[in-house]
**Q** 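Have a look at the structure that comes next, please.
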Amino acid sequence: MPDVFADLVGQDEAVDTLRRAAAGASAVLRAAAPPTTDAAGDEFDALADESDGGQPPAVDAGAGMTHAWIFTGPPGSGRSVAARAFAAALQCAYGTGCGGCPGCHTTMTGTHADVRMVVPDGLSIGVNEMRALVLRAASTPSGGRWQVVVISDADRLTEAAGNALLKAIEEPPPRTVFLLCAPSTHPDDISVTIRSRCRVVPLVQPAPEAVAEVLARRDGVAPDVARWAAAAAQGHVGRARRLARDPEARTRREAVLAVPRRLTGVGAAFDAASALIEAAEAEAEASVAETAVAERAALETALGAGGTGRGAAGAIRGAAGQLKDLEKRQKSRATRAQRDALDRALVDLAGFYRDALTMALRAPVAPVHTDTAALAGAGAQKWDAEGALRRLEAVLECRAAIEANVKPRIAVEAMMLSLWKG
Ligand SMILES: [Zn+2]
């Protein structure tokens, strides 16, 4: 049985910290528990001690544990994977995340009663959602260990939601643990006051070799495909897995990497912008459409749509509001999915110009996209290092502009013109 941290690729230091904290958390629980005399309790203690290497828990064993954590790292480094694994380790009967006990298992499959994963649908996490969450998190854990709340994109908290969370973190219920995930601890991502109350676990961008190894070992991907996908995904584990296994993801990537070749004039630049935006829209639509239809059907059933009884007219009036709410949530989720898809495309494109730049500089580094290396080489000759750098910057500026809420089409058109003109 692989332990709960097995999916975290190339993060040895973070895993070390989290294991120590989980062992510390277990010691806290043991110290708080009244002494037991029954056989089951003895067995539990014996097993728990064994997992600590046979040593009795130190007096300050709880020192490695705290009630609020932030996991930071670049996209794809495994922030939410790390948070979930740590949540499992906290619920583990043996205290370090064995992967086999019910506590580990239910947390990893998302069914543990005391673990809540908050995955924001839309562009931000609102204050009402956060208040409800904080309230529930304050209850006594039903499994006798910890109430764990994982917020997978804490950088998307609204200011009011952040304040609601801060209050909970400042006066934490004794058995509640908050695990936040964010790209960085920059004040744009997480407020300084929340940051000051949390322990930070920095994740690094995993090396392509480590990603390739995991794809081959755990997902059964052929080693050469695994190496290609790991390099092309630039350290993003989930993206590498998709590229290795999903032919449509490969087709979309190829379309993006064809862009530099197609930029032959102003008209072509605008066409390329349209194609990129439309591809992102199509990809996003495919990913959210299925859930949207199912959600609407479920809500309609719950509201008794189609009923003709005496209560039906009143129900329909209330239903209209609920359906409107649902549509709003779905629209916000679709926008997010579109931006994510577009961002992935821009990262691929940035990789191409980075390759051209490193080739122009004759830097001894492996290309990101081995399959377009020849094209990047031709670009390097034509543009020189300076021209390649300007183009790389145009792509990065486009990403930043979209993040800052510039309309995607406008940002992408500006980028395409810069890429053409150089
Ligand atoms: Zn376990």
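First listed ligand is number 1; within each ligand, the first listed atom is number 1.
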**Q** Evaluate the criterion side chain to side chain contact (heavy atoms under 4.5 Å, CB included) for residue pair Tyr353 and Leu396; output intermediate values, then yes/no.
**A** CA-CA 10 Å; Tyr353 291 105; Leu396 299 180; over 6 Å; no
**Q** Do Asp7 and Arg218 sit within salt-bridge range, that is, some charged N less than 4.0 Å from a carboxylate O?
**A** yes
**Q** Excluding waters, which protein N, O or S atoms are within less than 2.8 Å of the Zn ion (ligand 1)?
**A** Cys92 SG, Cys98 SG, Cys101 SG, Cys104 SG
**Q** Between Arg253 and Asp371, does at least one N-O distance fall below 4.0 Å, as a salt bridge requires?
**A** yes
**Q** With a 4.5 Å cut-off on side-chain heavy atoms, are Val118 and Glu129 touching?
**A** yes
**Q** Residues in salt bridge (Lys or Arg N to Asp or Glu O under 4.0 Å) with Arg175, at least two apart?
**A** none
**Q** Assess whether a salt bridge exists between Asp3 and Arg19, defined as any Lys/Arg side-chain N lying under 4.0 Å from an Asp/Glu carboxylate O.
**A** yes
